[in-house]
There are 2 protein chains.
Amino acid sequence: MKELLYLKDDQLKDLIEKIFIGYRETFSDSKKILDKYSIGLAHQKVIHLLSMYEGISISKLLAKLKVTKQSLNRVLKDLIKLEIIVFKKDEIDTRIKHVYLNEKGKKIFEEIFLLQKKRIYKALLDSSSEEVINFDKVLKKIING
Amino acid sequence: MKELLYLKDDQLKDLIEKIFIGYRETFSDSKKILDKYSIGLAHQKVIHLLSMYEGISISKLLAKLKVTKQSLNRVLKDLIKLEIIVFKKDEIDTRIKHVYLNEKGKKIFEEIFLLQKKRIYKALLDSSSEEVINFDKVLKKIING
DNA sequence: ATTATAGGTAAGTTATATTGACATATTATA
DNA sequence: TATAATATGTCAATATAACTTACCTATAAT
């Protein structure tokens, strides 16, 4: 019979609150840069994914973001206006559109990321390897449900 | 000189994506119950905090949520209509209003929480004590910047 | 008496998302 | 080859949650 403290409701509530705060703070540190380019959180997330997955297709972007295509298209249009993304048709299946950040886009991502990563970097630097590895492990388990 | 893999940009990007997904999934599992009561994510967060901090004041709620009072008041009005919160004036400083979930409110919270905590509970149950403790530790460090 | 704090409210706006319906091009398949 | 499925785009309307600016009352502290 498990009677671990951290499986009790109060601890779970506490953890859920922390997950919320961790997310909110991680995605608000870069607000000044976003304002500079008149974009928001939704744009930041798309730019982040484009930096991680160069040439990702629209449908894969949608699957990662879990938003509707109407919602994503609004954001993409803004990024086109900002002139920071480009598209390339798939050479085999021309229905598929691959999305890339151009040089300007990469620079803007770096500006955003420089601010955003500080919080995480500092937290990891201040932790042992084992702590970091375990943090990642549990986070993965939470994600995978 | 630190040369740890997990301090490299690619790993930080990966972690930031996971923090986003972890938050999103953790706060979407209970959507069906929220729909049942015609409330949303903002209400869920307030109810969660009211369950954690019984009798919390308005200003402390605002500080935890980091939203404007106009925004909070909209949510509180909905919760009043739903008849799930009550207020009590502070006995010493009558400017301060303490907010509580009533019995109906506590029941609705439990309905929400039952769905929401499953994901976390499962992840923790599937982890060692050390993993859980380290997850919490690093998360705290991320929060505290 | 003045200032600070706790809280409320009104009007207008913005950001991000939704649903539903429909359209086009391309690829896969019976 | 005809048909179905896939990938993407778009229009219109609506919802959710937040914001800014401004002003208000009541109470407490100095």
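Every chain is numbered from 1 and lettered A, B, ... according to where its sequence line falls, protein lines coming before strand lines. This one's a predicted model, so the numbers in the text were calculated from it and none came from an experiment. Values reported hereafter were calculated over all heavy atoms of this structure, with side chains retained and with hydrogens, waters and symmetry mates removed.
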Between C1' on D/dC19 and CG on B/N73, what's the gap in Å once rounded to a whole number? 15 Å
Show your working on side-chain contact (heavy atoms from CB on, under 4.5 Å) between B/I56 and B/Y100 and close with a plain yes or no. CA-CA 7 Å; B/I56 190 174; B/Y100 299 83; over 6 Å; no
Given the rule that I, L, V, M, F, W and Y join up when any side-chain heavy atoms are under 4.5 Å apart, are A/L125 and A/F135 in one cluster? yes
Heavy atoms under 4.0 Å, any strand shown: does A/K77 hit a base, just sugar-phosphate, or nothing? sugar-phosphate
Is a salt bridge present between A/D9 and A/K13, judged by a nitrogen-to-oxygen distance below 4.0 Å? no
At 4.0 Å (heavy atoms only), tell me whether B/T94 reaches a base, stays on the sugar-phosphate, or touches nothing. sugar-phosphate
Salt bridge between B/R95 and B/D93, side-chain N to carboxylate O under 4.0 Å? yes
Got a list of protein N/O to nucleotides 2-7 of chain D N/O distances below 3.5 Å?
residue, atom, partner, partner atom, Å
D/dT6, O2, A/R95, NH1, 2.8

Could you list the protein-to-nucleotides 11-14 of chain C atom pairs, N/O on both sides, closer than 3.5 Å?
none

Polar atom pairs between nucleotides 13-16 of chain D and protein, under 3.5 Å, N or O only, would you list them?
none

Once you round it to whole Å, what is the distance between P of C/dA25 and CG of A/D90? 19 Å
Which residue lies toward the 5' end of DNA chain C, A/I92 or A/V67, if each is placed at its nearest nucleotide? A/V67
Connected via hydrophobic side-chain network under 4.5 Å: A/V86 and A/L72: no
Salt-bridged, A/K45 to B/E17, with N to O below 4.0 Å? no
Could you check whether any side-chain N or O of B/N102 sits under 3.5 Å from a backbone N or O of B/E83, counting only pairs where one atom can act as donor and the other as acceptor? yes
Using a 3.5 Å distance criterion without hydrogens, assess whether the side chain of A/R119 forms a donor-acceptor pair with backbone atoms of A/D29. no
State plainly whether the residues A/K18 and A/E25 are in salt-bridge range, i.e. N to O under 4.0 Å. no
What is the separation between atom CD on B/Q44 and atom C1' on D/dA17, rounded to the nearest whole Å? 14 Å
If you look at every strand shown and take non-hydrogen atoms under 4.0 Å, does A/K66 touch a base, only sugar-phosphate, or nothing? sugar-phosphate
